[in-house]
There are 2 protein chains.
Amino acid sequence: MADEALSAGTVARRLGVAVTTLRTWHQRYGLGPSEHVPGHHRRYTPADLARLETMRRLTANGVAPAEAARWAVQAPDAALPAPAPAPAPAPGPGPRIERRGARDGGGATIPVGRSGPAARGLARAAMRLDSNAINEVIDRAIRTDGVVTTWDTLLRPVLAGIGERHAATAALIEVEHLVSRCVSEAFAAVVRAHAPHGPPRILLSCADEEQHSLPLEALGAALAETGIAHRLLGARVPVRALLEAVNRTGPAAVVLWSQTRSTADPTQLTALLAGPHRPLLVFAVGPGWRADSLPAGVVRPVDLAEALSLAAAVRDSLDQPAAG
Amino acid sequence: MADEALSAGTVARRLGVAVTTLRTWHQRYGLGPSEHVPGHHRRYTPADLARLETMRRLTANGVAPAEAARWAVQAPDAALPAPAPAPAPAPGPGPRIERRGARDGGGATIPVGRSGPAARGLARAAMRLDSNAINEVIDRAIRTDGVVTTWDTLLRPVLAGIGERHAATAALIEVEHLVSRCVSEAFAAVVRAHAPHGPPRILLSCADEEQHSLPLEALGAALAETGIAHRLLGARVPVRALLEAVNRTGPAAVVLWSQTRSTADPTQLTALLAGPHRPLLVFAVGPGWRADSLPAGVVRPVDLAEALSLAAAVRDSLDQPAAG
DNA sequence: TACGAGTTGCGTCGATTCATGCGTCGATTT
DNA sequence: AAATCGACGCATGAATCGACGCAACTCGTA
């Protein structure tokens, strides 16, 4: 693979920095050619270049150089705020539930489609308002399949089914509340069970006016499951309060959830990026956000799993005096 | 060079306090970086951080800052005075652990009045959005004093203080949300911990449009603690949904919570009594209800303890063959 | 009940320290 | 000969420093 060995000057020109800077980065941060004999010329392989590219993109987004370098060294291809967001339309992670079939009983049932027996069982327990049974099902599912899978294949379908019924029949409000509560509690239990390592560096918050916090709680539980500490603000967080929280706690990353388009005001993201304690990374998560209206420097994971892996990348970044 | 030399700002963010506070702690209590040349930047080693962490934990538990600092300086890894430390008498109904030195003040704080050190610690933890500390304090309080006492002497005062501040300054919304969530989770944990004996015969529900469900959750947790199973519907339960739930589950008693007068529509109570599956007992709980407007046959406990004892009475009466 | 004293967290201000990108210089590599 | 190397130093803006003061809270006392 040595057919591409770029010289220092070439790389420098490509990145738009001075040659000296490359040398500085090498000796200050260890961010240089993987194999380099002191005294000899530096030869950058494509991998090295990718690392430098990461460094450049991070710093271009305001990340402190020292931290950006650390990040670049250990996660060369870390997903980053791409200047041109992927042309993914915004269908949202809305679970496409088959509303047909699933005939379960005579009266008012919850359509869960082909989401497996557990979902049907959960739906039945919900209809009975049997919180014990609900808890049991959820707990077992989480214990068996983990938070992410449980959320995607069990909870979200059932909640969506309830919501659908609720929208159609204007009934089942109690059921919806009860299940939401149980889910929320289950997630909380997960968080409590997994003692977080260090201080929470990730802040989860709903967008202003956004009422649905369950998906965020799912993310929080998934994070906890992975051993990543976080802070969850909850639903309906005004922008001012969010900024205040960011200012007070200085998180490395902020996740802002928006369920519906009406709550997806990009201004909030802009405000986050412009605030005094600018977070390293800002995530816009949820079906509400429109990819084309996001300000530059905002990452938009498409589902829980992606958000999780991105957050894990954040975790790996140790903090150190940040300047610049 | 120390592999980890955290700057003042980083440490401050980690702890959830302002940078200025770190400096203040240093010069007031001597709680600073072990080696620090005046005029130069402070560099906190892991050991220093541990000391500060101790400080944080102690203050979160209500210890006066001055004393907490003294403690932290000489015993960096001091274990929490959790179960029964020497200088702490039994925190009975009068949690007057130490009458002096528990002052508080400064900046945006939460007024808790003379509600004991635990309340102060909780308020402090809340201000720094430290959910771990919040959980810790609440859990210990519940474990030590039980749900009712904890609610009356710790949680309600603090929540009221936050609400007061919030109403006055329009700030602290995040704090309010976070604490509410933690309280809710703590109650849920209590309910989960105490496996209910039989089928739930008591239904707890918020009045229509009523958003505050925390007091109800407190009642639910207290019931669970006493071994009484219950069903909790949650906030904002429309009358139709309530009746539907009563109809489906046929509870022996229904508790309807109203926080403010605007949600205390007596019609709901009347509807309950007139429904097909008339509950044995209907409770109207909460400050919203007006005694003179309640329909006949509705009981109105004045506080959590009374509601609890009445509910216990219900449970006992169920053991006897009820004459109808 | 009201009031003053003591505590305490934190905002502000001018001065200083630090991190960082890059220019320069003599020696070495290509 | 051109490019680069390692070392050194400089300019600049962000972060921090120390000092001061404020405001809010609690508690003892009148």
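The basis for the numbers below is simple: all heavy atoms, side chains too, and nothing from hydrogens, waters or symmetry mates. Quick note on labels: first sequence line is chain A, next is B, and so on, each numbered from 1.
Residue A/R13 contributes atom CZ, which lies 7 Å from atom P of D/dT4 at whole-angstrom precision. We find that CG of A/L31 is positioned 12 Å from P of C/dT20, with the value rounded to whole Å. Between the CD atom of A/Q27 and the C1' atom of D/dG9 there is a distance of 13 Å, rounded to whole Å. Taking atom CD of B/E67 as the reference point, atom P of C/dT7 lies 13 Å away to the nearest angstrom. Distance B/W25 CH2 to C/dG9 P: 6 Å, rounded to the nearest Å. The interatomic distance linking B/L6 (CG) with C/dC18 (P) rounds to 16 Å, in whole Å. Between B/L22 atom CG and D/dG18 atom P the separation is 12 Å, expressed in whole Å. B/L52 places its CG atom 15 Å from the C1' atom of C/dG9, with the value rounded to the nearest Å.
Contact between the side-chain N/O atoms of B/R28 and the OP1/OP2 oxygens of C/dT8 is not found at any separation under 4.0 Å. Contact annotation: B/R120 side-chain N/O to D/dA24 OP1/OP2 distance is not under 4.0 Å. Using a 4.0 Å cut-off, some side-chain N or O of B/R42 falls inside it from OP1 or OP2 of D/dG18. A sub-4.0 Å separation between OP1 or OP2 of C/dC22 and a side-chain N or O of A/T21 is present. Taking 4.0 angstrom as the limit, A/Y29 places none of its side-chain polar atoms (N or O) nearer than this to OP1 or OP2 of C/dA19.
Among the nucleotides C/dT20, D/dG18, C/dG9, the one closest to the side chain of B/P38 is D/dG18.
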Handout entry: Protein proximity profile, nucleotides 23-30 of chain C - base contact B, sugar-phosphate-only contact S, no contact -, cut-off 4.0 Å on heavy atoms
Key = BB----BS

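Using modelled atom types, one finds a donor on one side chain and an acceptor on the other under 3.5 Å when comparing B/T45 with B/D48. Checked by atom type, the side-chain pair B/T10/B/S7 shows a donor-acceptor distance below 3.5 Å.
When heavy atoms are screened at a 4.0 angstrom cut-off, A/H36 is found touching the sugar-phosphate backbone but no base atom.
Nearest heavy-atom pair, B/I134 versus B/A125, reported as atom, atom and distance to 0.1 Å: CG1-CB, 3.8 Å.
Using a 4.0 Å cut-off between charged nitrogen and carboxylate oxygen, B/E136 and A/R192 do not count as a salt-bridge pair.
A side-chain contact (heavy atoms from CB on, under 4.5 Å) with A/L233 is found for one member of A/L216, A/V254, A/L242 and no other, namely A/L242.
Between atom CG of residue B/L154 and atom OG1 of residue B/T149 there is a gap of 10.5 Å, rounded to the nearest 0.5 Å.
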Exercise for the section: Check step by step if side chain to side chain donor-acceptor pair (under 3.5 Å) holds for B/H26 and B/R42. Expected result: CA-CA 10 Å; B/H26 189 185; B/R42 289 174 174 80; 2.9 Å; yes

